[in-house]
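For clarity, every value in this text was computed on a predicted model and none was experimentally measured.
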2 protein chains.
Amino acid sequence: MDFLQQIGYAGLNSRIKRLSDELLYSTRDYYKNAGLNIEPNWHLIFLLLEKHNSLTITEISQELRMSHPACVKIINKMKKKNYIETKTDKNDSRKQLLELSEKSKNKLPNLHKHWDACIETTKELIENSPNFMQELTEFEKLVADKNYNERTIENVKEL
Amino acid sequence: MDFLQQIGYAGLNSRIKRLSDELLYSTRDYYKNAGLNIEPNWHLIFLLLEKHNSLTITEISQELRMSHPACVKIINKMKKKNYIETKTDKNDSRKQLLELSEKSKNKLPNLHKHWDACIETTKELIENSPNFMQELTEFEKLVADKNYNERTIENVKEL
DNA sequence: TAATTATTTGTAACTGGTTACGTAAATATT
DNA sequence: AATATTTACGTAACCAGTTACAAATAATTA
């Protein structure tokens, strides 16, 4: 029983962060061991561009609900390693249309093999937690409706 | 329904990260709005040093199950703002004994007021998720027993 | 049409973690 | 007692997000 568990509700946010970090770093180990020359957070970009063929930074950041500078950073790394190609939109020169490169398309079958293994692992980890996905969704919904900051302001009791 | 939810198990790790980030940044907003001049991740250090009076970097990193360089970074910031004082252990000059400063002790009542509000918020967020804490604990236990990397290696199906 | 506003993308500076490596002190071994 | 190993702490370089600001283009409004 570790300290974060001992302190109950006070430790929940940090436990979620700790778990998130553990999963991220362990996934990175896996990618490295498997000889994949990609970062874990490229996964979703691959999936999105596989599905939509061509997207802009703004569209990706909306799909993933992540800030656009975060997406820019990921995309730049992927471009540097030739996983993504860009062209400027003909009708709106501000927009950069992003597409998977040939290199990416060639690698996708192998990548999917590993992503499938990840899915199996995830299933394994929550197979005895039948409510986890649903309750996580509820959690996401609640913080989307009113965030932690706003809720806590209302919960402060002035001394 | 966003993309991460659409893709089911494949999106779980990223959803946990996204939630973790959202909670972290929103908590930082709260601290800022409340005029507290501290970072969210100092919380656990305060609680630990309140409980144990004096701890070393190594002990803190073990209690929190976090790398020691991460703890060093946090502690250095807290020292820079005079929340923590250090003295060298008389019996082992490698060890730095960390203690809360007078400034910290004076601020603790006010800090606890806000931390209590955070606890209320957390309760609010999971009040309709009666299994969340328990299933999270199970999740933590499973990845501690065998991490995501090791599990996924076993789940790969060679083509 | 000219001026204002909004959108898209990029950059800088910040927080928050990790692993890998180095140094000094303590402990164990020979 | 001298040498080797372990422990404690610190630093550097990396990944992954955020907010705030800036510049260029597009869209709207006066």
Side-chain angles (χ1 to χ4, degrees), chain A residues 13-29 31-32 37-45 55-62 64-81 86-98 147-149, chain B residues 13-29 31-32 37-45 55-62 64-81 86-98 147-149:
Chain A
N13 292 8
S14 295
R15 284 170 66 187
I16 293 172
K17 168 140 188 62
R18 187 172 63 178
L19 179 61
S20 161
D21 284 339
E22 161 67 21
L23 293 173
L24 177 63
Y25 297 125
S26 203
T27 302
R28 183 145 61 202
D29 282 347
Y31 280 23
K32 200 171 183 179
N37 203 7
I38 66 172
E39 295 292 334
N41 58 1
W42 298 7
H43 181 188
L44 299 170
I45 309 285
L55 290 171
T56 66
I57 290 277
T58 304
E59 287 165 341
I60 288 177
S61 75
Q62 286 163 348
L64 301 184
R65 305 209 177 154
M66 207 159 64
S67 73
H68 84 268
C71 296
V72 169
K73 282 190 196 178
I74 299 171
I75 297 294
N76 280 342
K77 287 190 185 175
M78 294 180 75
K79 278 164 75 175
K80 192 170 282 177
K81 293 217 175 177
T86 58
K87 45 187 175 187
T88 306
D89 188 313
K90 285 175 186 170
N91 305 316
D92 185 342
S93 68
R94 293 171 306 180
K95 292 183 183 173
Q96 293 293 309
L97 302 178
L98 308 175
N147 67 31
Y148 203 89
N149 172 34
Chain B
N13 292 8
S14 295
R15 284 169 67 186
I16 293 173
K17 167 140 188 64
R18 187 171 63 177
L19 178 61
S20 161
D21 285 338
E22 161 66 23
L23 294 173
L24 176 63
Y25 297 124
S26 203
T27 302
R28 183 146 63 200
D29 282 346
Y31 280 23
K32 200 171 183 178
N37 203 7
I38 66 171
E39 295 292 335
N41 58 0
W42 299 7
H43 181 187
L44 300 170
I45 309 285
L55 289 171
T56 67
I57 291 275
T58 303
E59 287 165 341
I60 287 176
S61 75
Q62 286 164 349
L64 301 184
R65 305 208 178 156
M66 206 160 64
S67 72
H68 84 268
C71 296
V72 169
K73 282 190 195 178
I74 299 171
I75 297 294
N76 280 343
K77 288 189 184 175
M78 294 179 75
K79 277 165 76 175
K80 193 170 282 177
K81 294 218 175 177
T86 57
K87 46 187 176 188
T88 306
D89 188 313
K90 285 174 186 171
N91 304 317
D92 186 341
S93 67
R94 293 171 305 180
K95 293 183 183 173
Q96 292 293 309
L97 303 177
L98 307 175
N147 67 31
Y148 203 89
N149 171 34

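Base engagement by B/Lys73 is indicated by at least one non-hydrogen atom pair under 4.0 Å involving a base atom. Residue B/Thr58 is classed as a sugar-phosphate contact, given heavy-atom separations below 4.0 Å to backbone atoms only.
Heavy-atom distances to DNA chain C give each of A/Lys32 and A/Lys79 a nearest nucleotide, and the one nearer the 5′ end belongs to A/Lys79. Where A/Pro69 and B/Ala70 meet DNA chain C, the nucleotide closest to each residue was compared, and A/Pro69 sits on the side nearer the 5' end.
Distances were taken from every side-chain heavy atom of A/Asp92 (C-beta onward) to each of D/dT18, D/dA26, C/dG16; the shortest belongs to D/dA26. Closest contact between the side chain of A/Arg94 and the listed nucleotides C/dT7, D/dG17, C/dG10 involves C/dT7. Picking from C/dT7, D/dC9, C/dT18 the nucleotide with the shortest atom distance to the side chain of B/Ile57 gives D/dC9. In this structure, the nucleotide among C/dT9, D/dG17, D/dC9 sitting nearest to the side chain of A/Met66 is D/dG17.
For A/Ser93, a side-chain nitrogen or oxygen approaches OP1 or OP2 of D/dA26 to under 4.0 Å. Look at B/Asn41 and you'll find a side-chain N or O under 4.0 angstrom from OP1 or OP2 of C/dG17. Close to C/dT19, at under 4.0 Å from its OP1 or OP2, lies no side-chain N or O of B/Ser67.
Rounded to whole Å, the distance from NZ on A/Lys80 to P on D/dC14 is 11 Å. The distance from atom NE2 of B/His43 to atom P of C/dT15 is 20 Å, rounded to the nearest whole Å. Protein atom NZ of B/Lys77 is 10 Å distant from nucleotide atom P of C/dC14, rounded to whole Å. If you take CG of B/Asp21 and C1' of C/dG17, they are 11 Å apart, rounded to a whole angstrom. In this structure, A/Arg65 atom CZ and D/dA16 atom P are separated by 22 Å, rounded to whole Å. The nearest whole Å value for the distance from the CD1 atom in B/Ile38 to the C1' atom in C/dG16 is 16 Å. Rounded to whole Å, the distance from NE2 on B/His68 to P on C/dA20 is 13 Å. Whole-Å rounding puts the B/Lys17 NZ to C/dG17 P distance at 10 Å.
The distance from atom CG of A/Asp92 to atom CG of A/Leu97, rounded to the nearest 0.5 Å, is 9.5 Å.
Remark: the backbone N or O of B/Leu23 is not paired with any side-chain donor or acceptor of B/Ser26 at under 3.5 angstrom.
The closest side-chain heavy-atom distance from A/Ile45 to A/Met78 is below 4.5 Å. Under the 4.5 Å side-chain criterion, counting only non-hydrogen atoms from C-beta, B/Tyr148 is in contact with B/Asn13.
Here A/Glu39 pairs with A/Arg28 in a salt bridge; the nearest charged N to carboxylate O distance falls below 4.0 Å.
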